[in-house]
Amino acid sequence: MKKVNLAVVGATGMVGRTFLKVLKEKNFPIDNLYLMASKRSAGTKLEYDGKEYIVEELTEHSFDKPIDIALFSAGGSTSEKFAPIAAAHGVIVVDNSAQWRQHPDVPLVVPEVNPEDISWNHGIIANPNCSTIQAVAVLKPLDDKYKIKRVVYSTYQAVSGAGVAGWNDLENGLKGEAPKKFPHPIAGNCLPHIDVFMENGYTKEEMKMIWETRKILHDPDLKVTATTVRVPVFSSHSESINVEFEKPIDDIEDVKKLLAAAPDVVLVDDPANNKYPLAIDAAGTDEVYVGRIRRDESVENGINLWVVADNIRKGAATNAVQIAEILAEAMDK
Ligand code: 25A
Ligand code: L14
């Protein structure tokens, strides 16, 4: 693979630091590495592969130098302003924010699900929402065989999704301190409120799961509903997914077989021995775990699933680095 000039925008954040970890673990072919963040963090020293790098302030001139790929995780407004500037300089941006995900010229990609969409990018590729990534990784092989009719998501999301501030709210809340990031205490609580409320009564996190599932599975009319809940867990999102299919499921064992064979999906489904996916087991790993697979006996062709993944790794950093790996490979040709 050709060595690429890589920029990490938002390098000091929770996701940004994880980019560096994952890049190293995967031995990503880097020539020059540039770390960028807000003015606040400019001058911060970060280590990559035994070398010290100084974080530079992101400006309109940051992409004047030759950069092939930029991994962005600096929030929506930063991506709104700077991703087009980078793209105009010939950089391919892999963006973690929600800013560009629904734009018709921007592919929304989970490499195990729709890698083919990478090729029609116009300089910006969107990384889906963490909750969506782990869901579609599991839904895709089932959709291929049984054709999904309707999906009901209920999520149990870790505080790390809300960055360092979310993490601190749980850590300090466990000591009895008042929350700063969330509107209510998260310790000993569940908050049915992630991102902002929209006019239809859903939260934006719920709507993102709905819109993004349709876009990634290439089914704009797919029936999807969601309730997203913040729970007092540090790392990894858990999800209950109820799915109804067009075609009959003759044998539930076939569903388990399909999922066991799905790329980067791990089947953990042995209830007799108390084995099912757990947030604390998924934390720090790159796979998507699925278990509690059973028929929904209230409908004709339905099943229930329990899906868990590390929201900062597969839900953000790892997925983006996987996209960058495919881009780097294509640059080789
Ligand atoms: O609008 P969105 O898309 O909904 O995104 C909103 C927020 O969600 C997070 C991200 O927060 C973002 O701000 N986010 C985005 N995508 C995500 C995803 N897929 C996601 N969270 C989960 N999954 P974040 O905390 O992860 O990252 C913020 C980074 O963005 C930089 N930034 C902000 N505004 C910027 C900017 N960079 C350039 N230009 C701008 N205008 C921000 O840098 C950070 O890197 P910073 O300098 O403002 O603040 C970093 C400070 O925080 C400390 N710190 C951060 N992480 C850690 C940490 N300290 C210890 N451990 C850490 N893990 C640093 O010390 C520094 O002071
Ligand atoms: O849209 O607060 O990717 O858990 C992911 C983390 C939105 C917020 C996204 C959280 C963000 C979410």
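All ligand and atom numbering here is 1-based and tracks the order in the structure. Note that the numbering runs from 1 along the sequence shown for the chain. The model shown is predicted, which means the values in this text are computed figures rather than measured ones.
The pair Asp219-Lys147 meets the salt-bridge criterion, since a charged nitrogen lies less than 4.0 angstrom from a carboxylate oxygen.
Counting only non-hydrogen atoms, the option in Glu205, Lys181, Arg230 that gets closest to atom 4 (O) of ligand 2 is Arg230. Atom 3 (O) of ligand 2 has its nearest heavy-atom neighbour, among Arg101, Met209, Lys204, in Arg101.
Closest heavy-atom contact between Ser160 and Ser235: OG-CA, 3.9 Å.
Looking at ligand 2, you won't find any N or O of His237 less than 3.5 Å from one of its N or O atoms. Backbone and side-chain nitrogen or oxygen atoms of Asp195 are examined, and none is located within less than 3.5 angstrom of a nitrogen or oxygen of ligand 2.
Distances below 4.0 Å separate heavy atoms of Cys130 from the following atoms of ligand 2: 5 (C), 6 (C). Against a heavy-atom cut-off of under 4.0 Å, Gly161 is close to the following atoms of ligand 2: 2 (O), 4 (O), 6 (C), 10 (C), 12 (C).
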Derivation and outcome, side-chain contact (heavy atoms from CB on, under 4.5 Å), residues Trp306 and Tyr156: CA-CA 11 Å; Trp306 179 249; Tyr156 306 68; 3.6 Å; yes
Pair Thr228-Tyr153, side-chain contact (heavy atoms from CB on, under 4.5 Å): steps then yes or no: CA-CA 8 Å; Thr228 60; Tyr153 291 131; over 6 Å; no
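A 6.0 Å sphere centred on CD of Glu297 holds no more than 12 heavy atoms belonging to other residues, nucleotides or ligands.
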